[in-house]
Amino acid sequence: MTDKKLVGLFETFLAKDNLFAEKRALQTNYTPSVVVHREEQTQQIAKILAPALRMDKPSNLFVYGKTGSGKTLSVLHTLKNLSDVAARQKIAVKTVYVNCKLKKVADTEYRLIAQIARDLGQEIPATGLPTQEVYQLFTRVLDAKEQLLILVLDEIDQLVKKTGDEILYTLTRVNAELKRTQVALIGISNDLIFADNLEPRVKSSLSEEEIIFPPYNALQLQDILRSRAKVAFREGVLETGVVEKCAAFAAREHGDARRALELLRVAGELAERNGAGVVKMQYIDEAEEKIERERVFDIIIAQPKQHQVALHALLSLFDRQKDAISTGEIYDRYKQHCTRLGFRPLTQRRISDILAELDMLGIINAKVLSKGRYGRTREIRIAIADQMVVRAKEILEKELELK
DNA sequence: GTCAATTCACATGAAAGAGACCACGGTCTAGTG
DNA sequence: CTAGACCGTGGTCTCTTTCATGTGAATTGACGA
């Protein structure tokens, strides 16, 4: 049975001119062939890594910079060129890239080492083995043949925050145990003061070299957007000023190129869905709102049940009073909700942490405030727009099967 | 009026427990020749 | 005899609880002018 309406919709979709030529170019995991406005940094990285081609261990390198400032891109770009040369000259240089933030992949000591070992071709189960054994397996594959390994640890600050800096110490020291292989480390961090909290011995051996990536300014962002847009969109579908506007938006947010590209992509998608032949300025505003809305709702849906109960308690408190509320009030309301839902309530200690997490996620704004004789508490406000609060509550109620 | 001590209501840290998940090795069982 | 099912042990990892300690300014109360 064919649905004529749907068929019609699909057919007009096909018949319509597609705005995108290659949408991939705007997605975050896309690696362009040219890295715009990062010549200086890629040169530096290249100089530091070049000794690898003579099988000398390059200095360990530490790369800092805010999100979307091109760190990962530049490092990977340089490494790719390096391994191309190495492959052509038959030099045994191997590169492994691990993102330490990826949950369930590389966010603990065990998983990080296991992940690296897997990249080197060693099968390692997701759990069950003692960490020591994983280390042994790891050093064994590593030392199996003569080679030079360049190990990139992205978002290394996340890893250290979670598990401490011993892993880094072990990794910087691993060369002493290896007979045939040498390992060079590249750490990438969003957190500029991260290294200050490291143990001195780790810090000195990890950051033998340092490169700092400054945020892009609006003009640079424009260039980046233009170069990507040229690949991603078809000729002439961008209204003049669109690129500039995207760049301006992103420049306001500490020059995050990723944001700028996302904005442009979503604006394009909106235009396409509305059947517009051109990406107009107005779509950028809509795109910004849409991105924000989806970010918030995605976060809410992804939260564990207990977090959702806490959040719902928080939101419902805001119906009554518009000003800030305290941890204690939320906890009381939360306990009521739990009994109503048949959940076992968590302790206040835990709720305190959950509120801190929600703060990190940008759903709420929490400020620790001392009110003298009246104690000390988080002063909590909602960080999302009013019309979204209503929708958020509905989502939560559905998730919790409330009412 | 000034100043230090007190006090509140939590925040923040550390450690340890519960329960889910998993690998490994040993034992049991059923199927095969 | 052997492959596979099943069990117990020991490991990781996440989420929590328990216990302990920290915090910062409004309030209090002693003191002196």
Side-chain angles (χ1 to χ4, degrees), chain A residues 98-118 121-141 155 157-168 170-171 191 193 197-199 299-314 317 321 323-339 341-361 363-381 383 399-400:
Chain A
V98 190
N99 187 329
C100 304
K101 203 175 83 180
L102 291 180
K103 294 235 161 162
K104 314 274 179 191
V105 177
D107 57 345
T108 69
E109 184 177 13
Y110 180 102
R111 300 216 260 242
L112 174 66
I113 302 299
Q115 185 58 37
I116 301 168
R118 274 195 282 264
Q122 169 77 39
E123 282 298 316
I124 293 190
T127 165
L129 295 182
T131 308
Q132 267 312 307
E133 195 149 337
V134 179
Y135 265 113
Q136 274 168 27
L137 287 170
F138 167 64
T139 43
R140 190 141 27 93
V141 240
E155 317 236 12
D157 44 333
Q158 301 286 328
L159 180 72
V160 171
K161 203 164 78 190
K162 259 193 85 174
T163 64
D165 50 13
E166 282 144 60
I167 315 166
L168 297 185
T170 325
L171 279 176
D191 185 355
I193 54 165
N197 305 325
L198 286 177
E199 236 184 283
I299 289 175
I300 290 177
I301 290 170
Q303 292 301 302
K305 283 277 175 287
Q306 288 286 4
H307 293 229
Q308 292 183 342
V309 179
L311 186 58
H312 188 263
L314 197 160
L317 266 177
Q321 41 182 92
D323 46 335
I325 42 183
S326 69
T327 307
E329 289 172 89
I330 293 173
Y331 186 61
D332 288 342
R333 173 59 67 95
Y334 158 80
K335 272 198 294 193
Q336 290 170 21
H337 276 229
C338 279
T339 40
L341 289 163
F343 280 43
R344 197 171 53 84
L346 302 177
T347 52
Q348 181 154 345
R349 175 73 187 80
R350 185 83 251 275
I351 296 301
S352 176
D353 278 349
I354 289 177
L355 291 175
E357 282 167 40
L358 291 174
D359 183 25
M360 289 281 286
L361 291 170
I363 307 281
I364 59 176
N365 271 326
K367 208 166 73 185
V368 179
L369 206 70
S370 198
K371 293 206 271 199
R373 195 65 199 273
Y374 306 105
R376 186 179 151 81
T377 183
R378 279 205 175 79
E379 200 169 71
I380 294 162
R381 291 164 208 285
E399 286 283 313
L400 297 166

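Source: prediction; values computed, not measured. For the numbers below, each heavy atom of this structure counts, side chains included, while hydrogens, waters and symmetry mates do not.
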Just how far, in rounded Å, is [atom2] of [N] from [atom1] of [X]?
| X | N | atom1 | atom2 | value |
| --- | --- | --- | --- | --- |
| A/Ile124 | C/dC13 | CD1 | C1' | 17 Å |
| A/Tyr331 | C/dT16 | OH | P | 12 Å |
| A/Leu129 | C/dC13 | CG | C1' | 14 Å |
| A/Arg350 | C/dT17 | CZ | C1' | 10 Å |
| A/Glu133 | B/dA23 | CD | P | 13 Å |
| A/Tyr135 | C/dG11 | OH | P | 17 Å |
| A/Arg111 | C/dG11 | CZ | C1' | 13 Å |
| A/Gln306 | C/dC15 | CD | P | 12 Å |

| message | Is the phosphate of C/dT23 approached by A/Ser370 (side-chain N or O, under 4.0 Å from OP1 or OP2)? | response |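 It does not, given that no N or O in the side chain of A/Ser370 lies less than 4.0 Å from OP1 or OP2 of C/dT23.
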| So does A/Glu166 have more than 12 non-hydrogen atoms from other groups sitting under 6.0 Å from CD? |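 Open: at most 12 neighbouring heavy atoms sit under 6.0 Å from CD of A/Glu166.
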| message | Within the supplied structure, the quantity of interest is the number of heavy atoms (other residues, nucleotides, ligands) at a distance under 6.0 Å from A/Lys367 NZ; does it exceed 12? | response |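 12 or below, so no.
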When you compare the protein's N or O atoms with those of nucleotides 1-5 of chain B, which come within less than 3.5 Å of each other, and at what distance?
none

| said: Using a heavy-atom cut-off of 4.0 Å across all strands, would you classify A/Lys162 as base, sugar-phosphate, or nothing? | reply: sugar-phosphate
Side chains of [X] and [Y]: do they bring a donor and an acceptor to under 3.5 Å?
| X | Y | result |
| --- | --- | --- |
| A/Gln306 | A/Tyr334 | yes |
| A/Ser352 | A/Arg378 | yes |
| A/Tyr135 | A/Glu109 | yes |

| remark: In B/S/- notation (B base, S sugar-phosphate only, - none; protein heavy atoms under 4.0 Å), nucleotides 8-16 of chain B written 5' to 3' is BBSSBB---
| message | Less than 4.0 angstrom from a charged side-chain N to a carboxylate O is my criterion; do A/Lys162 and A/Asp107 meet it? | response |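 Result for this pair is yes, salt bridge flagged.
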| said: Closer than 4.0 angstrom, basic N to acidic O: yes or no for A/Lys161 and A/Asp157? | reply: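 So A/Lys161 does not pair with A/Asp157 through a salt bridge.
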| query | Are the side chains of A/Val105 and A/Asn99 in touch, meaning some heavy atoms are under 4.5 Å apart? | reply | no
| message | Under the criterion side-chain contact (heavy atoms from CB on, under 4.5 Å), I'd like the reasoning laid out for A/Val309 against A/Leu341: C-alpha separation, chi angles, the key distance, then a yes or no. | response | CA-CA 9 Å; A/Val309 179; A/Leu341 289 163; 4.1 Å; yes
